[in-house]
Amino acid sequence: MSDASKSLNFLEELIEADLASGTHGGRVLTRFPPEPNGYLHIGHAKSICLNFGLGLKYGGGTNLRFDDTNPTKEEQEYVDAIEADVRWLGFDWKAVLFASDYFQTMYDYAEFLITRGKAYVCDLTEAEIRDYRGNFHVPGKDSPYRDRPVEENLDFFRRMKAGEFPEGAKVLRAKIDMQSGNMNLRDPLLYRIRHAEHHRTGAAWCLYPMYDYAHPVEDALEGVTHSICTLEFEDHRPLYDWVLEQDVEEQFFKRPLPKQFEFARLNLTYTVMSKRRLLELVKEGHVKGWDDPRMSTISGLRRRGYTPAAVRAFAEKVGVARRAALSEVALLEGAIREDLEKAAPRRMAVLRPLKVTITNLAEGEAHELTLANHPDEGFGTRQVTFTRDLYIERDDFEEVPPKKWFRLAPGAEVRLKGACLIRCEEVVKDASGQVVELRCTWDPASLGGDAPDGRKVKGTLHWVSAVHAVNAEVRLYDRLFTAEDPMDTPEGGDWRASLNPASLEVLTEARLEPSLADAKPGDRFQFERLGYFCADPDSKPGAPVFNRTVALKDSWVKAEAKG
RNA sequence: UGGGGAGUAGCCAAGUGGUAAGGCAGCAGGUUUUGAUCCUGCGUAUCGAGGGUUCGAAUCCUUCCUCCCCAACCA
């Protein structure tokens, strides 16, 4: 994948500069630090590919570290799902670690900060703290507890740990600068009391560290060299550095200290990308679950039929930079088409069946045909049966064909893929005028696909034999939102307003060629002329359910639209 | 009336003073038993705007404009 001519992104440049100057002794260690409070989405996939990619490229590896510092939100279920998603994407971590692994060290370092007069126990209420903090235009004012003596701070902090105080009664704060223009430096909270069961440490602690304190400590303890996060943490960088730099005698952290770098998070058109919004979609029933194929979650993409390689290729194509960007889903769709074009075996499937009778073929007469599984002969062949009763796609027939119509129409001749040429002789309608059957004749001389007399047909249709076909459910997905940026709502608007009511269409009458009868969940195919499809976990032997991953590009719809 | 960032074609994104890579999308044509794939060709990008420095500026200086992030005991 790495082409010598390919330019480096800014993080690779930074790392190579550090490597050249020997800043970290030639070492590179990155980390991917999810909070186990939800499922990973395509935005996380970008971060995973970035962090693990860098770890791989520069030989140092990457830690998977769960930032489990808030027991009220985190669960083991999410830990398991996140590990599975990272593995599915194809990455291997150097170690699986947890912020909770460091709770004792973090506590010890906090006592150290207190001892050095760098942190204090504050008794202000939550509302008071907010009030004292000021705002963008008004500087904060010092807490009345700011100059509490060291011994008193230590005593209170230990008693906080011992569980003597209720939640909210006291917090530990860094003593930095209540006047700072950077709100993060106005004596940020380091610890808060939570009498809650933690998914890993149980009831061992009732004191939990805040992200801004925990994160740099974790990175330093693990020897992370480049701590890569998204742009919104930019203003937190001075605090990240402050926390580590208080260790002046280097008792806690080895040098050099890790450094934080920020990149722009991924945004995709026609979708939402925050855990909170995704959770709302699930809870409010707009989708069927975290792994609904319309979701931008990794589990959703997987169920939709995306391959890990396609997601990785997408992450590579979208690039890394520091400017907030909104990437087009078309890039993601292009990535999966590109991968599946090479990898997916071809099959014939009729989504909306229209009956075709070959009138000059005897009842019971059958021709066994051999079809290639892929343009690449290495994929081998399979047998299908051509009989008198067939189904073709309803969309492939027009009673009054538009200009440049290559498909079937009264009197028109087309090729049935891998079979023969047929001509439409008669259109049968029901009482309501609906076309219910096409009576056609075939040219026996064209068996195999071409007419010996050299006459050409422009259209080739996919088809299945009625008696041999297996019935299936096929789910067609469209974008979940109709707005490019659902979050960019007009004044007072709700992002849900642009939810696409037609994002899912379930087809229950699809007919598939028999080789698809026992498709296993996760099996991917190209249904000729339609798109790429993936067998859903809802499939049963003999009763497959397919999800459309992405449709094939279709220049006919454009030509038709233009007239 | 604070602090921190960012502005290069429809969307991403290289470029780090020497005269604007690449990908995606789009358009046109060719091949084709998938209107797919594949192949070929196609973009005057006022490099956010003005001013300046320089033989030479997307790159340096300056003024201005626009957009994003920050006021959880979330991460």
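Note on naming: letters A, B, ... go to the chains in the order of the sequence lines (proteins, then strands), and numbering restarts at 1 for each one. Quick caveat, the model's predicted, so the values are computed rather than measured.
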Counting heavy atoms from C-beta on, name the nucleotide in B:G35, B:U34, B:C74 closest to the side chain of A:Arg407. B:G35
A:Arg511/A:Glu393 salt bridge by N-O under 4.0 Å criterion: no
Which of A:Arg524, A:Gln526, A:Arg548 passes side-chain hydrogen bond (donor to acceptor under 3.5 Å, both in side chains) with A:Tyr532? It is A:Gln526
Any side-chain N or O of A:Arg130 below 4.0 angstrom from OP1/OP2 of B:A72? yes
Can you check the distance between B:U16 and B:G29, where both ends of the measurement are the P atom (answer in whole Å)? 39 Å
Find the distance A:Arg529:CZ to B:A36:C1' and express it as a whole number of Å. 10 Å
Under 4.0 Å between any heavy atoms, over every strand shown, what does A:Leu189 touch: base, sugar-phosphate, or nothing? Just pick one. base
Atom CD of A:Glu74 to atom P of B:A75: distance rounded to whole Å? 7 Å
Using atom C1' in both nucleotides, what's the gap between B:G7 and B:A45 to the nearest angstrom? 14 Å
Tell me whether A:Phe136 is stacked on the nucleobase of B:G3, counting only the six-membered base ring and applying the 5.5 Å and 30° thresholds. no
B:U32 to B:U40 separation - C1' atoms, rounded to the nearest Å: 15 Å
Would A:His367 and A:Trp442 count as a close aromatic pair, with their ring centres under 6.0 Å? yes
If the threshold is 4.0 Å, N to carboxylate O, is there a salt bridge linking A:Glu218 and A:Arg65? yes
Determine which nucleotide pairs with B:C42, using a 3.5 Å limit on both distances of a Watson-Crick or G-U wobble pair. B:G26
Taking the C1' atom of each, how far is B:G30 from B:U66, in whole Å? 45 Å
Under 6.0 Å between ring centres: does that hold for A:Tyr145 and A:Tyr120? no
Taking atom C1' in both B:G3 and B:C11, what distance in whole Å separates the two? 31 Å
Any strand, both distances under 3.5 Å, Watson-Crick or G-U wobble: B:U37 pairs with none
When the C1' atoms of B:A58 and B:C39 are considered, how many whole Å apart are they? 34 Å
Any residue in residues 456-465 of chain A with a heavy atom nearer than 4.0 angstrom to RNA chain B? Just list them by number, or reply none. A:Thr460
Going by 5.5 Å between centroids and 30° between planes, is there a stack of A:Trp556 over B:G35? yes
Partners meeting side chain to side chain donor-acceptor pair (under 3.5 Å) with A:Glu232 (sequence neighbours left out): A:Thr230, A:Arg265
Return the pairing partner of B:A6 with a 3.5 Å limit on both distances, Watson-Crick or G-U wobble; otherwise return none. B:U66
Just compare B:C12, B:U16, B:G23 and give me whichever is closest to any side-chain atom of A:Ala325. B:C12
For A:Phe546 and A:Phe527, I'd like to know if the aromatic rings sit close, meaning centre-to-centre distance below 6.0 Å. yes
